[in-house]
Amino acid sequence: MNEPPFPAIVIRRAEPGDAKTLGAMRAAQQSEIRGEVARADDAEFVHTTSDFFARELAVEATWLHAWVAVTDEGLTVGSVVLIVVPTIPRGAEAVGLDGRIRNVYVAPPFRRNGLARRLTLVAVERARELGVGRLALGA
């Protein structure tokens, strides 16, 4: 029987205990965007970002929603963030919600297996549940 190429991966809501991992994944993503290896100041960036996620996830912020992808061995290999804010009225329409999907990140060894798509769809579904009228992707 053929083994799957990767262990089973579950996507779950991020918790305050995931803050350091979310910070590290954001720093890794930013390093990749810049086309650089991790720099010394990335440690401070990870710390600042981790503190942010810990604080916001602890109060179950209504504007910040995050998920992590975790292997059956407990290794976090991906993440996604949904930010939801009130919409500035566009004419006579009632105020609604805008959403932005951010920080879609999958660790390099786990890429090209549909995980980023799965993470994004989880965020899209939550935006739909919240009644978000306009959604943007800022991966």
Open item on the list: I'd like to know if Glu32 and Arg111 make a salt bridge, using a cut-off of under 4.0 Å between side-chain N and carboxylate O.
Closed with: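 Result for this pair is yes, salt bridge flagged.
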Open item on the list: Check Asp18 with Arg12, please: is the shortest side-chain N to carboxylate O separation under 4.0 Å?
Closed with: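 Answer for the salt bridge query: yes.
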Spatial distance of atom [atom1] ([X]) from atom [atom2] ([Y]) [nearest 0.5 Å]:
X	Y	atom1	atom2	value
His65	Arg13	NE2	CZ	6.0 Å
Leu130	Trp63	CG	CH2	14.0 Å
Arg126	Ile101	CZ	CD1	13.0 Å
Asp98	Arg134	CG	CZ	6.0 Å
Thr49	Gln30	OG1	CD	8.5 Å

Do the side chains of [Y] and [X] get nearer than 4.5 Å, heavy atoms only?
X	Y	value
Leu64	Phe53	yes
Arg128	Val132	no
Leu82	Arg100	no
Val70	Leu75	no
Gln29	Asn103	yes

What is the minimum heavy-atom distance between [X] and [Y], and which atoms define it?
X	Y	value
Leu97	Thr87	C-OG1, 3.0 Å
Gly23	Val46	O-CG2, 3.9 Å
Ile11	Leu119	CD1-N, 3.8 Å
Val106	Ala116	CG2-N, 3.7 Å
Ala14	Leu22	CB-CD1, 3.9 Å
Ala69	Ile9	CB-CG2, 3.7 Å

Same cluster or not: are [X] and [Y] linked, directly or through other Ile, Leu, Val, Met, Phe, Trp or Tyr residues, by side-chain heavy atoms under 4.5 angstrom apart?
X	Y	value
Tyr105	Val68	no
Met25	Leu115	no
Leu121	Val80	no

- [ ] Spell out, as yes or no, whether a donor-acceptor pair under 3.5 Å connects the side chain of Arg26 to the backbone of Ser50.
- [x]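 No, Arg26 side chain to Ser50 backbone: no donor-acceptor pair under 3.5 Å.
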- [ ] Begin from the C-alpha positions of Thr71 and Val10 and carry the test side chain to side chain contact (heavy atoms under 4.5 Å, CB included) through to its verdict.
- [x] CA-CA 6 Å; Thr71 68; Val10 173; over 6 Å; no
